[in-house]
Amino acid sequence: MDIRCNWTVEEVQALFNKPFMDLVFEAQQIHRQFHHPNQVQVSTLLSIKTGACPEDCKYCPQSAHYRTDIDKERLLEVDRVLEAAIKAKQSGATRFCMGAAWKNPKDRDMPYLLDMVQGVKKLGLETCMTLGMITTDQATTLAAAGLDYYNHNLDTSPEYYCNIITTRTYQDRLDTLAHVRDAGMKICSGGIIGMGESERDRAGLLVELANLPVHPESVPINMLVKVKGTPLENAEDVDPFDFIRIIAVARIIMPQSAVRLSAGREDMNEQMQTLCFMAGANSVFYGCKLLTTPNPAEDKDMQLFAKLGINSQHHTAKPDDVQAQELFGQVAERVAARPTKDDLFYDASL
């Protein structure tokens with residue numbers, strides 16, 4: 001199969017209009033050409049700085065524009081991040097993602113972020129960050145520190161975008177992806193389904209992703225989590241079959257990418273998730289929370305994986321109890337050695 005970067009919206013809409021069983025069958029065939037059919041990559045996501053974001057994304061409870069139950073929190077201590085990464089690895093995660101509610105990181109943030117990346121890398125985990133827009137210099141610095149992936153979603157189609165966000169442009173997002181790619185990092189970029197967009201907008205989002213110079217290595221597909229206090233709290237529910245179609249089409253037009261089930265899994269039953277895996281999803285976020293929204297508990301995921309015969313991909317061996325205690329000890333030593341907590345974190349809410 002040829003890898004294309006010249007898809008049209010009309011071609012993608014034609015895929016959406018295929019009979020459901022034919023579409024899923026085609027997606028599964030393509031999936032098996034490029035990926036192991038019974039392996040799912042597992043990532044864990046930690047919010048390293050929560051709330052008080054100046055952006056006005058209508059889906060986001062962390063926006064300072066809306067009144068939600070999210071409390072603003074300072075940038076986490078480096079050691080707390082490393083503790084969370086150790087636990088994630090013990091639970092079977094192979095990638096550790098760190099997200100900060102910023103429009104963009106400031107120069108004063110960079111030393112802390114670099115320490116986090118380097119510390120997580122030492123644990124043998126892949127690293128990913130989502131920090132908002134970043135400059136060419138910031139991308140280069142993060143890449144040099146060992147950051148493997150940078151997440152920056154396009155969210156929706158260019159045409160529908162202004163209905164969701166006004167504090168940054170679509171081109172701003174594309175520019176950040178270009179900075180990430182040019183720095184040599186892998187791109188994690190996808191979107192959110194269920195924000196009132198049309199089927200053509202969904203096709204437009206996938207076309208934008210598939211027509212990047214190189215397909216994103218990871219494509220998270222989120223189903224809107226409706227949060228009280230945000231403008232989209234009463235958005236119409238997404239039909240499960242429509243969501244599965246999105247997964248299948250993403251797999252067909254971006255065959256080498258990891259297609260990730262992300263936000264919204266808490267509202268998906270086992271049967272829906274299974275059909276998503278059949279349609280080509282081969283990555284999940286794992287853990288009880290994604291930044292500020294619920295996610296299925298680890299044991300539920302493991303039970304479903306066992307039923308389906310799915311084994312998580314492991315790039316590195318899961319640490320045994322001795323190694324885990326050694327890693328915890330190293331973190332404890334760092335905590336004891338620091339003079340004050342202010343040496344490692346500060347108020348990053350502005």
Between [X] and [Y], does any side-chain N to carboxylate O distance fall below 4.0 Å?
X	Y	result
R95	D148	no
R200	E10	yes
E11	R4	yes

May I have the step-by-step check of side-chain contact (heavy atoms from CB on, under 4.5 Å) for E77 and V81, ending in yes or no? CA-CA 7 Å; E77 298 171 347; V81 174; over 6 Å; no
So does [Y] get a backbone contact from the side chain of [X], meaning a donor-acceptor N/O pair under 3.5 Å?
X	Y	value
K226	A235	yes
S157	L205	no
S283	V42	no
N211	W7	yes
T127	V117	no
D172	R168	no
R251	P255	yes
Q273	M268	yes
K58	N163	yes

Between atom [atom1] of [X] and atom [atom2] of [Y], what is the distance when rounded to the nearest 0.5 Å?
X	Y	atom1	atom2	answer
C97	L46	SG	CG	10.0 Å
L308	M278	CG	CE	9.0 Å
M129	M116	CE	CE	6.0 Å
F277	Q39	CZ	CD	13.0 Å
L177	H152	CG	NE2	6.0 Å
I193	D242	CD1	CG	10.0 Å

Is any side-chain heavy atom of [Y] closer than 4.5 Å to one of [X]?
X	Y	value
M272	N269	yes
E26	D22	no
L224	V238	no
R173	Y161	yes
F25	F20	no
E233	V227	no
L113	I48	yes
L15	I253	yes

Think R202 forms a cation-pi with F16, using NZ or CZ under 6.0 Å from the six-ring centre and within 45 degrees of its axis?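 The answer is no; the distance or angle limit is not met.
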Derivation and outcome, side-chain contact (heavy atoms from CB on, under 4.5 Å), residues H215 and C5: CA-CA 8 Å; H215 292 169; C5 295; 3.7 Å; yes
One pair to check against side-chain contact (heavy atoms from CB on, under 4.5 Å): L174 and L154. What are the steps and the verdict? CA-CA 8 Å; L174 293 173; L154 295 182; 3.9 Å; yes
Over 60° means perpendicular and under 30° means parallel, so classify the ring planes of H31 and H35, tilted if in between.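 It falls in the parallel class, under 30°.
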Show, in sequence, the C-alpha distance, side-chain angles and deciding distance for L131 and N104, and conclude whether the side-chain contact (heavy atoms from CB on, under 4.5 Å) test is met. CA-CA 6 Å; L131 312 168; N104 53 274; over 6 Å; no
Please report the closest heavy-atom contact between [X] and [Y], naming both atoms and the distance.
X	Y	value
K186	V180	O-CG1, 3.9 Å
P19	R245	C-NH2, 4.1 Å
A85	L123	CB-CD1, 3.6 Å
M254	V219	SD-CG2, 3.9 Å
N153	C188	OD1-O, 4.3 Å
A263	V225	CB-CG2, 4.1 Å

Residue pair [X] / [Y], side-chain donor-acceptor N/O under 3.5 Å:
X	Y	answer
Q138	T140	no
E55	T167	yes
D175	Q171	yes
H179	T136	yes
T94	Q41	yes
Y59	D155	yes
N282	R260	no

Please check if the number of heavy atoms outside [X] that lie under 6.0 Å from its [atom1] is greater than 12.
X	atom1	answer
F241	CZ	no
Q29	CD	yes
M133	CE	yes
D239	CG	yes

Are V40 and Y149 connected, step by step, through hydrophobic side chains (Ile, Leu, Val, Met, Phe, Trp, Tyr) whose heavy atoms are closer than 4.5 Å?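 Hydrophobic grouping puts V40 apart from Y149.
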